There are 2 protein chains.
Amino acid sequence: MATTTRRPERRQEPLSRERIVSVAVELLDEVGERGLTFRVLAERLATGPGAIYWHVAGKSELLCAATEAVVAGTVGGDDADATPQDVIRALALGLFDAIDAHPWVGAQLADAPQQAAMLQVFERIGRQVQALRVPAAAQFTAASALLNYILGVAGQNAAHARAHRPDADRAELLDAMAAEWEELDPDRYAFARSVAARLRTHDDRVEFLAGIDLILAGIATPR
Amino acid sequence: MATTTRRPERRQEPLSRERIVSVAVELLDEVGERGLTFRVLAERLATGPGAIYWHVAGKSELLCAATEAVVAGTVGGDDADATPQDVIRALALGLFDAIDAHPWVGAQLADAPQQAAMLQVFERIGRQVQALRVPAAAQFTAASALLNYILGVAGQNAAHARAHRPDADRAELLDAMAAEWEELDPDRYAFARSVAARLRTHDDRVEFLAGIDLILAGIATPR
DNA sequence: ACCTGAACACCGTTCAAGT
DNA sequence: ACCTGAACACCGTTCAAGT
């Protein structure tokens with residue numbers, strides 16, 4: 001039906017930092033960080049590996065840029081009606097879902113130095129902390145605690161994703177983990193055993209939010 | 001003065017998994033994860049790279065084993081007199097200090113899958129959570145929140161260590177960061193600007209503990 | 001200014017051959 | 001059973017040469 005090319009041929013677009021980063025994101029989603037290679041990236045861009053270096057300093061900068069691109073999309077605008085707690089939950093869930101969809105982002109956030117996108121997240125969290133009337137002296141700690149918790153979960157999610165097939169059934173894995181924990185030494189792992197059954201109905205997203213709420217409760221506690 | 005060799009020649013000890021891991025820890029401390037190479041490791045062990053594979057499956061297993069070795073040393077025994085909060089603080093600080101001394105451990109914990117040593121940490125945290133009389137249904141969430149926060153900070157510390165020279169002055173870096181934040185756009189980064197000055201007297205360890213206390217306060221809050 | 005692609009200096013890992 | 005070390009199949013990155 002289409003008269004000309006139905007979708008633009010990628011090889012015909014000019015090379016640009018933007019296009020390199022966007023193809024890198026695609027590739028990272030498909031094959032992960034270890035699979036993202038300057039050679040396969042160059043092949044997809046229909047060029048040589050050297051060409052990429054004209055636009056991007058190296059692989060770590062490329063990973064940072066790809067992460068920024070994904071995270072920037074999750075930092076939405078403010079909703080006037082929402083409570084500060086709601087905004088924080090929405091922001092945290094946005095990051096959680098982005099990392100769920102792009103596990104390599106979790107790994108990158110968990111052990112990359114301060115990135116520009118993270119500063120934006122920190123800013124938005126901080127504003128809500130202020131809106132919660134947290135005393136000035138405690139605001140930094142409150143915002144940091146939330147961010148560090150989010151980054152910790154991000155790293156763990158990325159690790160889980162990397163450890164298993166991308167299409168692995170999370171429920172099955174949790175079942176297997178529950179079974180494992182139930183076999184642990186009752187003396188040395190009494191607690192793990194006592195919560196093992198809970199893994200069978202565990203929901204990562206719900207649990208993540210429950211942790212956010214726990215920290216929010218702590219923030220609301222007068223010193 | 002010494003009649004024989006003053007310290008045992010490493011090249012004369014037999015190769016063993018234990019020795020490989022312990023030399024790997026040394027090397028990781030000196031040159032970081034990127035610097036740990038099977039070739040230099042083999043050289044230090046006075047053998048060939050292939051020999052290592054007889055005792056260790058590969059590099060990721062080696063990194064896991066090295067991390068386990070360091071973390072296992074931080075999981076101390078229980079102190080009968082201490083409150084549950086104190087035990088959690090001590091445990092968290094122990095991990096913090098271990099990661100401060102061995103930044104590569106932070107990176108490994110932040111994005112490695114469940115490791116045996118982490119299960120021990122989880123167990124010890126969980127026991128204290130139980131001692132705090134947290135309802136059974138909330139114990140898993142409480143212990144997870146604490147662990148995820150610890151892992152998040154671990155990753156960030158590792159990232160900071162990797163981003164700068166090992167001997168970089170943390171106070172100077174914080175000063176520079178404060179100066180940077182103070183130059184940010186007042187509209188878009190009002191919060192970051194408002195806490196920038198605080199960075200000049202920031203203490204990573206103190207801040208880390210304050211975050212732990214925040215979560216402990218949240219845990220103590222009745223639902 | 002921007003692209004090409006061969007070449008360099010590495011990696012982790014394997015494996016035939018030794019002891 | 002354990003060690004050796006050359007060799008394999010890659011990497012990220014550089015750079016002379018092109019357009």
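The sequence lines fix the lettering, A, B, ..., with proteins before strands; numbering per chain opens at 1. Predicted model, so just to flag it, every value in this text is computed and none were measured.
In A/Glu18, the CD atom is not crowded: 12 or fewer heavy atoms of neighbouring residues, nucleotides or ligands sit closer than 6.0 Å.
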For DNA chain D, what dot-bracket results from Watson-Crick or G-U pairs at under 3.5 Å, with [ ] for crossers and | for inter-strand partners?
-> ||.|||||...|||||.||

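Remark: A/Thr37 is in phosphate contact with D/dG12, judged by side-chain N or O atoms under 4.0 Å from OP1 or OP2.
Listed nucleotides: D/dT13, C/dT14, D/dC11. Nearest to the side chain of B/Tyr53: C/dT14.
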Distances under 3.5 Å between nitrogen or oxygen atoms of protein and nucleotides 1-3 of chain C:
| unit_1 | atom_1 | unit_2 | atom_2 | d |
| --- | --- | --- | --- | --- |
| C/dC2 | OP2 | A/Trp54 | NE1 | 3.4 |
| C/dC3 | OP2 | A/His55 | NE2 | 2.5 |

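A/Glu207 and B/Thr141 are linked by a side-chain donor-acceptor pair at a separation below 3.5 angstrom, with hydrogens and angles left out of the test.
Using a 4.5 Å heavy-atom cutoff, the side chains of A/Gln115 and A/Gln108 are in contact. Residues A/Arg124 and B/Phe191 form no side-chain contact, since every pair of their non-hydrogen atoms from C-beta on lies 4.5 Å or further apart. Side-chain contact between B/Arg162 and B/Pro103 is absent, with no heavy atoms from C-beta onward closer than 4.5 Å.
Using a 4.0 Å heavy-atom criterion, one finds that B/Leu62 contacts no nucleic acid atom at all.
No donor-acceptor pair under 3.5 Å is formed between the side chain of B/Thr37 and the backbone N or O of B/Val40.
Note on residues 41-69 of chain A: pairs passing ring pair (Phe, Tyr, Trp, His ring centres under 6.0 Å), not counting sequence neighbours, are A/Phe38-A/Tyr53.
Rounded to an integer number of Å, the gap from A/Ile20 CD1 to D/dG12 P is 14 Å. We find that CD of A/Glu43 is positioned 14 Å from C1' of C/dG5, with the value rounded to whole Å. A/Leu27 has its CG atom 15 Å from the C1' atom of D/dC11, to the nearest Å. A/Arg34 places its CZ atom 13 Å from the C1' atom of D/dA9, with the value rounded to the nearest Å. Rounded to whole Å, atom P of D/dG5 lies 15 Å from atom CG of B/Leu41. Atom CZ of A/Phe38 is separated from atom P of C/dG5 by 17 Å (rounded to the nearest Å). If you take CD of B/Glu61 and C1' of C/dG12, they are 14 Å apart, rounded to a whole angstrom. Taking atom CG on B/Leu45 and atom C1' on D/dG5, their separation rounds to 15 Å, with Å as the unit.
When ring centroids are compared, A/Phe122 and B/Trp181 come within the 6.0 Å threshold.
A/Phe208 and A/Tyr149 have parallel rings, their planes meeting at less than 30° on a 0 to 90° scale where 60° marks the start of perpendicular.
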